[in-house]
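Side chains included, hydrogens not; waters and symmetry mates left out as well; all remaining heavy atoms used.
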Amino acid sequence: MPIIGENLVTKALTAARECAANIPPLKIRLDKFFPAGSGIGAGSGNAAALLKWLRENFRLEMTEKEIGRLGADIAFLASDSEMAAARGIGEILTPGGEAPKLGWVLAFPKWSSDTKEAYAKLDAMRAENKNEAPPSEEEIAAEAAECLRRLREGHRANRLPNDFFPILTEEHREYAVAEEIASETGARGWGLCGSGSAFFGLYASREEALRAEKIYNNEGWILKTFNME
């Protein structure tokens with residue numbers, strides 16, 4: 001697709017030129033494979049890929065704070081970490097070591113999720129439940145560490161924590177069906193990608209993930225699937 005106007009790729013290039021004056025004019029073509037509004041950070045990944053390429057070819061030096069101003073996910077995706085704890089707006093990173101060796105299935109529904117709207121709904125839900133304070137950073141870190149421990153040791157972690165999941169499930173009951181498929185196909189973990197709309201399942205091997213992918217594809221509400229390891 002031609003890049004018309006401003007998107008994260010052009011924003012990243014503009015920011016990079018402020019740090020490295022030797023970047024020449026570039027012709028960029030963007031091949032989009034994943035649907036927009038899926039919550040997997042695909043747009044952020046496009047910008048991060050450009051920044052990595054500029055780092056390798058033009059000695060670009062940008063701090064995580066500078067990169068973080070471009071978008072919440074870009075600093076992590078532009079880093080060399082397989083996993084990290086992200087704080088602030090995503091620019092404060094604590095590397096988390098190697099990711100567990102698992103097979104992944106991504107299931108993309110026929111609808112998309114607008115991040116701004118999703119956060120507005122989350123804020124509204126929290127305003128209604130004033131007695132239920134959101135978890136602290138320490139509680140979030142402990143919960144994430146426990147899920148990661150279970151996955152690394154070959155145990156089931158079931159649904160991985162995501163505050164957006166109950167909100168989107170109210171609107172799309174299909175996520176409950178996706179959970180059933182994940183559980184019945186032996187997924188080690190599953191859940192919602194970011195603020196939606198994609199659903200993921202984690203499996204012990206790519207072979208298991210490929211078998212599960214066929215079952216997800218039988219669902220009429222799923223637009224496409226993708227597997228990786």
Legend entry - Cluster check Phe34, Trp111: I/L/V/M/F/W/Y, side chain < 4.5 angstrom: no
Legend entry - Verify same cluster id: Trp53, Ile28 (apolar side-chain graph, 4.5 Å): yes
Inset, instruction - Count the heavy atoms belonging to other residues, nucleotides or ligands that lie under 6.0 Å from CD of Glu61, then report whether that count exceeds 12. - result: no
Legend entry - Short side-chain to backbone donor-acceptor contact, Arg150 and Asn158, under 3.5 Å: no
Inset, instruction - Any ring pair (Phe, Tyr, Trp, His ring centres under 6.0 Å) involving residues 71-101? Give me the pairs, sequence neighbours left out, ordered by first then second residue. - result: none
Legend entry - From Thr10, Leu60, Ile74, Leu13, residue fulfilling side-chain contact (heavy atoms from CB on, under 4.5 Å) relative to Leu50: Leu13
Inset, instruction - Taking the side chain as every heavy atom from C-beta outward, state whether Ile215 and Glu184 have any atom pair closer than 4.5 Å. - result: no
Legend entry - hydrophobic_cluster_shared for Phe165 and Val105, side chain cutoff 4.5 Å: yes
Inset, instruction - Determine, using the 4.5 Å side-chain heavy-atom cutoff (strictly less than), whether Ile40 and Phe199 are members of one ILVMFWY cluster. - result: no
Inset, instruction - Identify the heavy atoms of Asn22 and Phe58 that sit nearest to each other, and give their distance. - result: ND2-O, 3.7 Å
Legend entry - Hphob cluster co-occupancy, Leu168 + Trp190, side-chain heavy atoms under 4.5 angstrom: yes
Legend entry - Side-chain heavy-atom pair Met83, Pro100 within 4.5 angstrom cut-off: yes
Legend entry - Lys101, NZ atom: more than 12 neighbouring heavy atoms under 6.0 Å: yes
Legend entry - Flag, side chain of Arg188 to backbone of Ala157, donor-acceptor distance under 3.5 Å: no
Inset, instruction - Could you check if a side-chain atom of Arg87 sits within less than 4.5 angstrom of a side-chain atom of Glu137, using non-hydrogen atoms only? - result: yes
Inset, instruction - Report, as yes or no, whether the 6.0 Å neighbourhood of atom CD on Glu153 holds more than 12 heavy atoms from other residues, nucleotides or ligands. - result: yes
Inset, instruction - List in chain and number order the residues that pass ring pair (Phe, Tyr, Trp, His ring centres under 6.0 Å) with Tyr216, two or more places apart in sequence or in another chain; answer none if no residue qualifies. - result: none
Inset, instruction - For residues Leu160 and Leu202, determine if any side-chain heavy atom of one lies less than 4.5 Å from a side-chain heavy atom of the other. - result: yes
Inset, instruction - Please indicate whether Glu170 has more than 12 foreign heavy atoms, meaning atoms of other residues, nucleotides or ligands, lying under 6.0 Å from its CD. - result: no
